[in-house]
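Order of listing sets the numbers, starting from 1, for every ligand and every atom in it. Sequence positions, counted from 1, serve as the residue numbers for this chain.
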Amino acid sequence: MDTLPKCPACSSEYTYEDGEMYVCPECAHEWPQTAAESAGEARVVRDAFGNVLTDGDAVTVIKDLKIKGSSSVVKVGTKVRNIRIVDGDHDIDCKIDGIGSMQLKSEFVKKA
Ligand SMILES: [Zn+2]
């Protein structure tokens with residue numbers, strides 16, 4: 001990611017780096033590079049107990065979960081391997097044996 005961010009003041013694309021700062025030649029706005037980096041940080045997804053979840057983690061379901069549009073239920077205690085963190089209301093993308101690909105809410109799982 002070497003692309004420079006647009007100017008937050010005027011949206012100019014002609015920003016340049018000056019030491020620790022970004023500078024916009026069009027409106028003369030200057031801002032620190034560190035601020036731009038922390039703003040782009042990925043959000044943190046936590047399980048029901050506050051443990052941070054990351055891609056590739058294994059989790060255990062802590063509540064029976066009905067699957068929309070099907071009679072299947074993901075039973076409490078079901079182990080789910082190799083989760084993927086995604087954006088949205090259901091923030092875990094995964095594949096469950098016998099059920100297939102689905103999405104879970106992080107609040108209903110526990111890090112294994
Ligand atoms: Zn500007």
Atoms named by residue and atom, protein N, O or S, within reach of the Zn ion (ligand 1) (under 2.8 Å): Cys7 SG, Cys10 SG, Cys24 SG, Cys27 SG
Partner set under ring-ring contact (aromatic ring centres under 6.0 Å, His included) for His29, not counting sequence neighbours: Trp31
Answer whether the closest heavy-atom distance between the side chains of Ile85 and Ile83 falls below 4.5 Å. yes
Please examine the side chains of Val76 and Lys63, heavy atoms only from C-beta on, and report whether any two atoms are closer than 4.5 Å. no
Please report, to 0.1 Å, the donor-acceptor pairs under 3.5 Å made by any side chain of residues 7-14, with sequence neighbours excluded.
residue, atom, partner, partner atom, Å
Ser12, OG, Tyr14, N, 3.0
Ser12, OG, Glu26, OE2, 2.8

Which residue pairs pass the salt bridge (charged side-chain N to carboxylate O under 4.0 Å, His left out) test when at least one of the two sits in residues 97-112, sequence neighbours left out? Asp57-Lys111, Asp89-Lys105
Least distance between heavy atoms, Ser106 atom then Leu53 atom: CB-CD1, 4.1 Å
